[in-house]
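Reviewing the structure listed below.
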There are 2 protein chains.
Amino acid sequence: MISAPAPEEFNDRQNEVLASALRLVVEGGEKALTTAALARAANCSKESLYRWFGDRDGLLAAIVAHQAAKVRVPHESAERMTADAFRARLVTFAEDLLTVLAGETSLALNRLAISQTSREGAALGRLLLDRGRGRIAERARDLLRAGQAQGHIACDDMTEAYRTLYGLIVRDQHGRWLLGESPDGARDGFAAHARTAIDQFLTLYRATGTPRDQENTPAGAL
Amino acid sequence: MISAPAPEEFNDRQNEVLASALRLVVEGGEKALTTAALARAANCSKESLYRWFGDRDGLLAAIVAHQAAKVRVPHESAERMTADAFRARLVTFAEDLLTVLAGETSLALNRLAISQTSREGAALGRLLLDRGRGRIAERARDLLRAGQAQGHIACDDMTEAYRTLYGLIVRDQHGRWLLGESPDGARDGFAAHARTAIDQFLTLYRATGTPRDQENTPAGAL
DNA sequence: GTGCAGCCGAACCGTACGGTACGGTACACA
DNA sequence: TGTGTACCGTACCGTACGGTTCGGCTGCAC
């Protein structure tokens, strides 16, 4: 069981320690994060670690929460956009998404949460899902909603549309990266692929009366 | 370092033990797979485990190799297809892909390989990538190539086309499942979503002279 | 000053796990 | 019948790690 996911904030010293912890995880994976190693790296005592975070699971949760807390999604203002501006905003979103997912911090945290799953609870995964991807999805849905309101795209289910958008942007790359393939090779092509993906997305969801648009609403999708 | 990824086959007894090992991993994650627990579950001695698989890493590699070895992709015959038959074959592929990825064995193995990544090597991830996803991708590319040869779709880069197909089918679901979200809710919608995804794919890649088709060939994609 | 709280660093404890060694059994083969 | 091989089950060893305790230092309240 994971101790309370800490809705309360941590103080400066504690955040500093969490930053050290995150660095350990990024560099050496979960097994590099021993309490002794963290105490040494952060110049603090194990006693303090246990006082602040409860136990090791609490520490893991705090690391994820700490990092998730600094996810700051740029607010997508809903002001009037031309079709090109809308497209440009989507391309920017796509580039941002790929950049985040390819980042070693994101990858390390995802690996950490995934390896903690399976054991009943999956609290870390939920945390990452809600506070990480959730925020990003929210931003994208706002943007899509604005595009829909202004007639740039036609769709009734923003969540469905977002999932399609995500799929076109990310494809199988996140999985490959998680399994150890280096994102470096792909990183050069982020901008180019972002444009391609958005073109594809707009082809599917463009509002110019393409007859297939009604089909893009499957039934029981989670 | 992981001992030789065993190109040689294992005998029946060893395969039996590997099946037990896989069951342990599926049920309890990596940390449930202790040598003692496996010896007990498989009614074998720890001594035999070390004789057969070298060390724990070798055992993990053997588990992955063992499971990957039974990936049998139905051969996609390239005989003449109508457009509808081609579409149906794609839908079947999509359903198969979702069913495999949502399976607890696949999820457990992916979690195992992902949690082993980060530490230099990532041999398990490579194994899974090559012998798991690779086979599936190969099957899909064969099918796409046949469709292309018979004029059902237009694209010059099968790998790019396959990645788009994968993205449209899987979207963000694999990641969510890996993080602990239950596939059960989505499972009912597999068939419906498979059809939707294939419709979208065909919209993008249909050969009927849609002018956007040339754009589907980004530059530096990995 | 005295007392107290928070913290560091190090020593300590218990245990779980990877890996090894050994005794005992079944079976093949001569 | 003797010898060897492969195996099981168990006991064993060493260590690494989670978690606790303690002594000592600093700073603050009074």
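Please read all numbers here as calculations on a predicted model, not as lab measurements. Here is how names work: the chains are called A, B, and so on, in the same order as the sequence lines, proteins then strands, and each is numbered from 1.
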First locate atom CZ of Arg126(B), then atom CG of Leu179(A), and finally report the distance between them rounded to the nearest 0.5 Å. 10.0 Å

To the closest 0.5 Å, what do you measure between OG1 (Thr196(A)) and CD (Gln200(A))? 6.5 Å

Figure out the CG/C1' separation between Leu38(A) and dA10(C), and round it to whole Å. 16 Å

DNA chain D contacts among residues 11-29 of chain B, heavy-atom distance under 4.0 Å: Arg13(B)

Contact interval (first through last nucleotide) of DNA chain D with protein chain A, 4.0 Å heavy-atom: dC17(D) to dC22(D)

Considering residues at least two apart in sequence or located in another chain, which fulfil the side-chain hydrogen bond (donor to acceptor under 3.5 Å, both in side chains) criterion with Arg135(A)? none

Pull out every residue in residues 42-50 of chain B that has a heavy atom closer than 4.0 Å to any atom of DNA chain C, ordered by number, or say none. Lys46(B), Glu47(B), Tyr50(B)

Ionic contact status for Asp142(B) with Arg145(B), cut-off 4.0 Å: yes

List the atom pairs, donor and acceptor, that lie under 3.5 Å between side-chain atoms in residues 25-45 of chain B and the rest of the protein, sequence neighbours left out.
from	atom 1	to	atom 2	distance (Å)
Glu30(B)	OE1	Ser115(B)	OG	3.1
Glu30(B)	OE2	Arg56(B)	NH1	3.2
Thr34(B)	OG1	Ala37(B)	N	2.9
Ser45(B)	OG	Ser48(B)	N	3.1
Ser45(B)	OG	Ser48(B)	OG	3.0

On a heavy-atom basis, the closest approach of Arg171(B) and Arg163(A) is CG-O, 3.4 Å

Would you kindly give the CZ-to-C1' distance between Arg51(B) and dG18(C), to the nearest whole Å? 17 Å

Once side-chain hydrogen bond (donor to acceptor under 3.5 Å, both in side chains) is applied, what residue pairs with a partner in residues 59-71 of chain B remain, sequence neighbours excluded? Asn15(B)-His66(B)

